Trainee: 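Take this structure first; my questions come after.
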Amino acid sequence: MLAVRAAAGLANREAPAVYYISDDDDSTWLSLLLPSASYTNMSTDIFLAQSYATYGAILYDPSKIDQLPSVVTMAGVLGCIPMDSAQHVAYPSAHVLLDTRTLWATAEDAVLYAAAKGVQNTTSLAFQDGALLARGLLVDWLVGQRIFTQYLKKSCIPLTRDHEILQDLLGSSSWSRPVRVYGYNSADVIFGGDLFEAETDCVNIMGQVATANSNNLAFWTQVSPFVPGVPPGQPGGPMVQSPSPRIEYDPTKAYVALVYGDMDNIDFVQSFGRQHMQYRSQQCAPHPGSCFPLSWTLSPNLVHFSPAMLRWYYATAATTGGQDWFIMPPSGTLYAYPGEMPPAVQADFVQQQSAQAAIMGTAGSVHWEWIFSWPQAWETYFPRYINGTNTTTSFFLNNVPWVIPIPDMFFTGENYKIFGDPKWPGSVVAFRPAFNWQENGASGGLPYNSTVIAKLVNEFRRGTVQYIYVIQNTNIESLFSMVAQLDSHIVLVGYEQLADLARQKQAREEGLADEAVEAALADTEVS
């Protein structure tokens, strides 16, 4: 599979030419997005014979699994296809551009070689385990896009040789900042979680694009791209979402937004995320407008990875009658902790997020920070969005680790913070979650069934404005079941409506406080 996927990546560099089908998801997406496409099936043997003849080969030893990331890097740089000894026998006429079988003694040697020979010809970075590469996972994207791929196990551990190599690699590269790190970093597991999965804690100029098991990205990035200058809603233009009618704040109600999360992971987007969206449409489309409001997270990197896939999600959501909206997943343009980033990198992060948000037609984003970086985020990150030019004005927060609440908001009892004048619709609202829900799960969300969750929601105080983070692998049928058990004082709203209600509530409370001060001053003057 490694060779086939690498060959597909090279073939798709200029146009969508090769699509491989390895599972039902691959077949389904092809039928959904290109139902009228004509194609020719080809056997693996014929495809590889033609590909090796066209591109040449890089020889590798499949037993040296920790060196495979560097094999993939050099395949992208040289524009050739990985070849093991058996394939060398099967395709003897292939031109060998590089033989790595005895070239490197260690994985560190391999990364250093790739850095010296090719880092300036790569476009970004990937953490991708050699075992996944051997199965061909993400290889088409890595080779097609010339991504520098590595998986040194101690890359993120300070004072180690691996970390020094990574730091030098970043310093010598010309990659844009923040550095987009593809694949997935699960090398350091603590308390059941991946310590450096967001990458910012590894090196504070990096953020993750979770793609470890993603397929055919080199193909989909070439299909129906967005075209600069085309008006929103037109073919090739930015997306348009359903409007959010204004709701007048009523202190006898409790307002709640449901945010369906974790769709920063392209693996989820390509698999059960699609199934959940299809179920939602099946339930809601027969009676448009009758379903409860739901805010979905969706990776903004689909803007580049697969514009057609992004459009499919929007078109399917539109069948519910204006009850579904999309916001960015954690933490916007990348899964990262922006509060930790240096000022210039953080500014670039905001600019990239705003550009993607404009194409997605969204003003919302989930935002995660490592537990110790919230003070920096309050001071330096969120205020960047109140200048009127950056499009994100609603943030839905979560702390990492999840089991620990956002410290200062927890101790003060705040459900949200507002940056800027609450009377101004461009002010930024940042909500902490009432709780996270992951039915029968163990990723930090409450593991309860829909009946227990409904009971918890029904206990929300009247007048409150808050959100629930629903972890995406929670059964969507359970979400429908939970909503059916809510009391009448619980009002479910969309993400923009929740932000507007928070502004109304804050302005109302400040107005009442001002009236109380004026009354006290008047009493003082009389006396």
Side-chain angles (χ1 to χ4, degrees), residues 1-14 17-18 20 22 42-153 155 162 165 169 182-183 212 215 217-218:
M1 292 303 293
L2 172 59
V4 170
R5 305 289 178 88
L10 293 173
N12 289 326
R13 275 184 173 175
E14 301 301 328
V18 176
Y20 54 84
S22 58
M42 184 177 292
S43 70
T44 299
D45 287 342
I46 294 175
F47 176 63
L48 284 180
Q50 293 181 357
S51 298
Y52 280 127
T54 301
Y55 301 109
I58 174 173
L59 289 174
Y60 73 98
D61 183 346
S63 69
K64 298 178 179 179
I65 202 77
D66 60 346
Q67 295 180 12
L68 271 186
S70 296
V71 172
V72 169
T73 298
M74 294 309 300
V77 168
L78 297 173
C80 60
I81 304 167
M83 171 182 273
D84 60 26
S85 296
Q87 290 165 333
H88 196 200
V89 172
Y91 309 102
S93 62
H95 174 56
V96 176
L97 282 75
L98 182 65
D99 186 348
T100 71
R101 291 175 295 182
T102 60
L103 183 60
W104 309 316
T106 66
E108 286 78 9
D109 290 342
V111 172
L112 290 170
Y113 177 95
K117 298 293 185 179
V119 67
Q120 295 304 323
N121 292 317
T122 59
T123 59
S124 199
L125 179 66
F127 275 75
Q128 185 76 337
D129 194 326
L132 298 178
L133 295 172
R135 294 163 50 197
L137 296 172
L138 193 61
V139 169
D140 68 305
W141 179 257
L142 300 176
V143 172
Q145 298 289 313
R146 300 180 182 88
I147 306 296
F148 194 103
T149 307
Q150 67 90 38
Y151 203 74
L152 298 180
K153 293 298 180 67
S155 290
D162 288 359
I165 291 172
L169 181 64
Y182 300 96
N215 287 339
L217 295 183

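Bear in mind that the values here come from a model prediction, so they are computed numbers and not experimental data.
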Trainee: Of all the heavy-atom pairs spanning Ala3 and Ile81, show the shortest one and how long it is.
Mentor: O-CG2, 3.5 Å
Trainee: Using side-chain heavy atoms (C-beta onward) and a distance below 4.5 Å, is Leu48 in contact with Gln87?
Mentor: yes
Trainee: Could you name each residue pair satisfying ring pair (Phe, Tyr, Trp, His ring centres under 6.0 Å) that touches residues 102-148, not counting sequence neighbours?
Mentor: Trp104-Tyr113, Trp141-Tyr182, Trp141-His304, Trp141-Phe305
Trainee: Should Val111 and Tyr151 count as side-chain neighbours, where that means a heavy-atom distance under 4.5 Å?
Mentor: no
Trainee: Could you check whether any side-chain N or O of Arg5 sits under 3.5 Å from a backbone N or O of Leu133, counting only pairs where one atom can act as donor and the other as acceptor?
Mentor: no
Trainee: Among Leu142, Thr73, Leu138, which one satisfies side chain to side chain contact (heavy atoms under 4.5 Å, CB included) with Ile147?
Mentor: Leu142
Trainee: Apply side chain to side chain contact (heavy atoms under 4.5 Å, CB included) to residues Asp84 and Leu2 and explain how you reach the verdict.
Mentor: CA-CA 10 Å; Asp84 60 26; Leu2 172 59; over 6 Å; no
Trainee: Is the number of heavy atoms from other residues, nucleotides or ligands within 6.0 Å of CD (Gln120) greater than 12?
Mentor: yes
Trainee: Mind listing the side-chain donor-acceptor pairs of residues 95-102 below 3.5 Å, one per line with the distance, residues two or more places apart or on another chain?
Mentor:
unit_1: Asp99; atom_1: OD1; unit_2: Arg101; atom_2: N; d: 3.1
unit_1: Asp99; atom_1: OD1; unit_2: Arg101; atom_2: NE; d: 3.0
unit_1: Asp99; atom_1: OD2; unit_2: Arg101; atom_2: NE; d: 3.4
unit_1: Asp99; atom_1: OD2; unit_2: Arg101; atom_2: NH2; d: 2.8
unit_1: Thr100; atom_1: OG1; unit_2: Leu59; atom_2: O; d: 2.7

Trainee: Tell me the closest heavy-atom pair linking Leu137 and Asn215, and the distance in Å.
Mentor: CD2-OD1, 4.0 Å
Trainee: In Å and rounded to the nearest 0.5 Å, what is the CG to OG1 distance from Asp66 to Thr106?
Mentor: 8.0 Å
Trainee: Heavy atoms only: give me the nearest Cys80-Leu10 pair and the separation to one decimal.
Mentor: O-CD1, 3.6 Å
Trainee: Rounded to the nearest 0.5 Å, what separates atom CG in Leu103 from atom CG in Asp109?
Mentor: 9.0 Å
Trainee: Does the Asp140 side chain pair with the main chain of Ala8, one donor and one acceptor, at a distance under 3.5 Å?
Mentor: no
Trainee: Tell me if a side-chain donor or acceptor on Arg146 pairs with a main-chain N or O of Val77 at a distance below 3.5 Å.
Mentor: no
Trainee: Ser70 side chain to Ala114 main-chain N or O, any donor-acceptor pair under 3.5 Å?
Mentor: no
Trainee: Quick check: closest heavy atoms across Ala6 and Val139, and the distance to 0.1 Å?
Mentor: N-CG1, 3.6 Å
Trainee: Minimum heavy-atom separation for Ser155 to Gln150, with atom names?
Mentor: OG-OE1, 3.1 Å
Trainee: Using every non-hydrogen atom in the two residues, find where Glu108 and Leu152 come nearest and quote the distance to one decimal.
Mentor: N-CD2, 3.9 Å
Trainee: Report yes if some heavy atom in the side chain of Val18 is under 4.5 Å from a heavy atom in the side chain of Phe47; otherwise report no.
Mentor: yes
Trainee: Kindly write out the residues that satisfy ring pair (Phe, Tyr, Trp, His ring centres under 6.0 Å) with Tyr60, not counting sequence neighbours, or none if the list is empty.
Mentor: none
Trainee: For residues Asp61 and Ser63, is any side-chain donor paired with an opposing acceptor at under 3.5 Å?
Mentor: yes
Trainee: Is any side-chain heavy atom of Arg135 closer than 4.5 Å to one of Met1?
Mentor: no
